[in-house]
**Student:** 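A single structure is presented below for examination.
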Amino acid sequence: MKAVRRFTVRAGLPESLAELETLATNLRWTWHPHTQDLFAAIDKGIWDRLGDPLRLLAEVPASRLDQLADDESFLGHLAQASDDLRRYLSEPRWYQQRRSELSGQGRMAESIAYFSMEFGVTEALPNYSGGLGVLAGDHLKAASDLGVPLIGVGLLYRSGYFRQSLSLDGWQIEHYPVLDPNGLPLSPLVEPSGAPILVHVAMPGGRVLRARIWKAQAGRVPLLLLDSDVDGNDDDLRGVTDRLYGGDQNHRIRQEILAGVGGVRAVRTYCELTGHPQPEVFHMNEGHAGFLGLERLRELMSAHQLSFDEALSAVRAGTVFTTHTPVPAGIDRFPVDLVQHYFGDGALLPDVDLRRVLALGAEDNPGMFNMAHMGLRLGQRANGVSKLHGHVSREMFGGLWPGFDTEEVPITSVTNGVHGPTWTAREMASVGMDLDDHGLWELRCQLRKRLVTEVRRRVREAWLQRGASPLELAWTDTVFDPDVLTVGFARRVPTYKRLTLMLRDHDRLRALLLDPDRPAQLVVAGKSHPADDGGKALIQQIVRFADEHDVRHRIVFLPDYDMSMARYLYWGCDVWLNNPTRPLEACGTSGMKSALNGGLNLSIRDGWWDEFYDGSNGWAIPTADGVSDPLRRDDLEAAALYELLGSQVAPLFYDRTDGVPRQWLAMVRHTLSSLGPQVQASRMVEEYVERQYTPAATAVELADAEGFRAARELAAYRVRLSGSWPHVRVTNCELSLNGSDTPVLGERVSVRASVELAGLTPADVQVQAVIGRVSDNDELFDVVTVPMNPDGDGRYAAEVSLPHAGSLGVTARVLPNHELLASPVELGRVVFAG
Ligand SMILES: *Cc1c(COP(=O)(O)O)cnc(C)c1O
């Protein structure tokens, strides 16, 4: 028999256990061991199998619940957990503390909306595909811990991302199990009558896309997820939120319109319904949610009679854009025709001029609409996700700010972090740093052993799925060895991550795995995008190698990488391997999670590792950066990898005194104490608060005050600037050395310039002296800039202390100046002397 409909029945709880419902639906349990213990105490067997409180409550026999309803010790534990959650949800935390310290200087937001196409909070809510989603989940959790008033906004996918299994010959197979939102830790937003609240988004041809709003609660942070699978939608529109990253461009733009435009409407509704303050700051986690800015333009234009440009000034003030893609090919783009199709008839965003919309996403190719460019044009503040990625992004998007040096491009960086309480093994979190060498080693061995047990279980499962008979699978009980150096490599499988670099030389890899004295074992996992046959072929190569009888006890490919598997890998691996093609890994976070558990990173210096590798917290695989032939580059880097593993990593691991590897443990200790605090998502979220959210909220307050006075003035200023700018000139720039012919480093010199303002006032501009080293063809570099003061009559002067010895050059430049600009570079306008 096959069911024609699925539905989920929630357990009815005895009165005295009612609080279990709250504890099960607030996702804080995912990072709170005490609450997990409470659920495990209900039924250890079910808990170990499901790891999901709601499903546990649905499965556990009613008789067991009745028994617990009178169990004093359980009720005590329950009361304690409930009290703890209540306190966690209400007490002042870091953000509230910060606000009292900051009083007067800058304004901290009352409410911040964080938009992302995926959220990986827990495997019990599988609404993510990989790094971007897990990062978003960690962002919410850390914000909750810090008391940052964030609201998450995204889509709820009926099938989430796919589940992966393997065919007998190692080819990836995708499954899309259908999720019932009623069985997930979600509640619908409803009218007082109980009817679900729907957001409406206009589609071409007079159609309407409706979506209901589900709310998950991650500690203090609500997460709103839109779901188009509702009665009343046409069939094709019901499917808009069917899958994450499935479907064509048309499917994708509908998803992004729903997430952006519908997402803003959902937040508005949620705040009206609950009295939660409306967000001042909107954070786009990647460009996918960029349409949110258009909806906010529409709102301001219609509610306050602002022009497009005036509204744009206000929207920009409150928008933060984070880019995650260092590869131009990875940027989200749509054919202009498609954007025109959805926005052209004026129904979706009445009064917002299509030409202005198209201009926001313009790029070199006139046929394409670029979501990252739109993010940068809608966001006054933008950042990449590691220092190196910030630099790469400034280069990649530098064209939007012509006339400026790469390092002046207004894209900063906030290095990603990971949520410690989620990713750190419980024993490591509680005692890790206090243990002596023997204790720490014992703990590391225990975590490795736990991984080995999980590997054996999963290898057996995988073979059963591939069609093996249990009779042939006795060997899986002895796969892996709890005492062998264990290396992990798990990630999605785009080309740049080079899943198969380790297979470059089968013989060398085999020799490392089978070394009689110092063997290594390698656990590999990862999903390929369903449409990427190239990626699937790479997985197949790994699987085929791992299937070979002589090595299959030392290398495994585990299908269906997700958060529930990842945890065991981060806990148990001694070494975390990462070998992307530099600089294509924007940040990478899996190595951070390994580090929290005392894993040592063995990685190409890319993303986060480029800034955090310090020579004794792991190993840097040398990169062949200059080598342009990719195959030769792979050969060189693979050879370096084998060399490091064989001659440094393994010898250190197996060098024992009194049964413990002292030097290895010194590196583990150093990793825990020095990297531990730096890789935390709390560090990341604090940086977002200090460097992005608070300045944005301050700018919003200024822009909106007195009926949007500053926003209106900035718009008028930009119009004036457009008229005058082509005629602004620096007619003269001179340096006087104050007497000496050969000045010395640090000596003060005077720079003078004459500027024609072409109708602008001195307050409209900033004139700067620029002084730095000079190349043979008079290019300036390593410059310092110093503001010049007006002397009247268009003359400007500054005193500068000489920043370098050697050949220097000087020039002067004119930049825009307005109180609502985050930086004078922002408008991409500059005039130089000469
Ligand atoms: C952390 C994590 C990722 C991201 O890892 P990267 O190093 O950024 O590739 C992907 N998937 C899961 C399940 C994770 O936990």
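Counting convention: from 1, in listed order, for ligands and their atoms alike. Values below: every heavy atom of this structure, side chains too, minus hydrogens, waters and symmetry copies. For clarity, every value in this text was computed on a predicted model and none was experimentally measured.
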**Student:** Give the residue, atom name and distance (to 0.1 Å) of the protein heavy atom nearest atom 7 (O) of ligand 1.
**Tutor:** S590 OG, 2.5 Å
**Student:** Can you find a side-chain donor-acceptor pair between D138 and W423 that sits under 3.5 Å?
**Tutor:**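 Yes, W423 and D138 have a side-chain donor paired with an acceptor closer than 3.5 Å.
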**Student:** Check whether the side chains of T412 and N383 place a donor and an acceptor atom closer than 3.5 Å, and report yes or no.
**Tutor:** no
**Student:** Indicate, as side chain, backbone, both or neither, the part of E585 found under 4.0 angstrom from ligand 1 when only non-hydrogen atoms are considered.
**Tutor:**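 Answer for E585: neither.
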**Student:** Do the two ring centres, one from Y688 and one from H139, sit under 6.0 Å apart?
**Tutor:** yes
**Student:** As a check for students: among F489, Y128, W608, Y561, identify the option with a heavy atom nearest to atom 12 (C) of ligand 1.
**Tutor:**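 Looking at heavy atoms only, Y561 sits closest to atom 12 (C) of ligand 1.
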**Student:** How does W423 reach ligand 1, if at all, at less than 4.0 Å between non-hydrogen atoms: by side chain, backbone, both, or neither?
**Tutor:** side chain
**Student:** Check if R492 has a non-hydrogen atom at a distance under 4.0 Å from any atom of ligand 1.
**Tutor:**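 So R492 does not count as touching ligand 1.
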**Student:** Which of the numbered atoms in ligand 1 are below 4.0 angstrom from a heavy atom of Y570?
**Tutor:**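 Close to Y570: 1 (C), 2 (C), 14 (C), 15 (O).
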**Student:** Name all residues meeting the side chain to side chain donor-acceptor pair (under 3.5 Å) criterion together with R491; count only those two or more places apart in sequence or in a different chain, and write none if there are none.
**Tutor:**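 Per chain and number, R491 pairs via side chain to side chain donor-acceptor pair (under 3.5 Å) with N578, S590.
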**Student:** By the definition side chain to side chain contact (heavy atoms under 4.5 Å, CB included), identify the one residue from L464, V523, V556 that meets it with V459.
**Tutor:** V556
**Student:** Enumerate the atoms of ligand 1 whose separation from the nearest heavy atom of T589 is less than 4.0 angstrom.
**Tutor:**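 Result: 1 (C), 4 (C), 5 (O), 6 (P), 7 (O), 8 (O).
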**Student:** Near G131, which atoms of ligand 1 are under 4.0 Å from a heavy atom of that residue?
**Tutor:**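 This gives 3 (C), 4 (C), 10 (C) as the contact atoms.
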**Student:** Mind checking what makes side chain to side chain donor-acceptor pair (under 3.5 Å) contact with Q678, not counting sequence neighbours?
**Tutor:** none
**Student:** Between Y88 and S144, is any side-chain donor less than 3.5 angstrom from a side-chain acceptor?
**Tutor:**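 On atom types as modelled, these side chains qualify, holding a pair under 3.5 Å.
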**Student:** Only heavy atoms of R491, strictly under 4.0 Å: list the atoms of ligand 1 that pass.
**Tutor:** 7 (O), 9 (O)
**Student:** By number and element, which atoms of ligand 1 are closer than 4.0 Å to a non-hydrogen atom of G588?
**Tutor:**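 Near G588, the atoms of ligand 1 are 7 (O), 8 (O).
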**Student:** For the residue pair S413 / H389, report whether a side-chain donor-acceptor contact shorter than 3.5 Å exists.
**Tutor:** no
**Student:** Are the aromatic ring centres of Y245 and H529 under 6.0 angstrom apart?
**Tutor:**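 No.
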**Student:** So is K593 polar-close to ligand 1, meaning N/O to N/O under 3.5 Å?
**Tutor:**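 Min N/O separation from ligand 1 is below 3.5 Å for K593.
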**Student:** Can you report which non-hydrogen protein atom sits closest to atom 9 (O) of ligand 1, along with the distance?
**Tutor:** K497 NZ, 2.8 Å
**Student:** If we only count N/O pairs under 3.5 Å, is D562 in contact with ligand 1?
**Tutor:** no
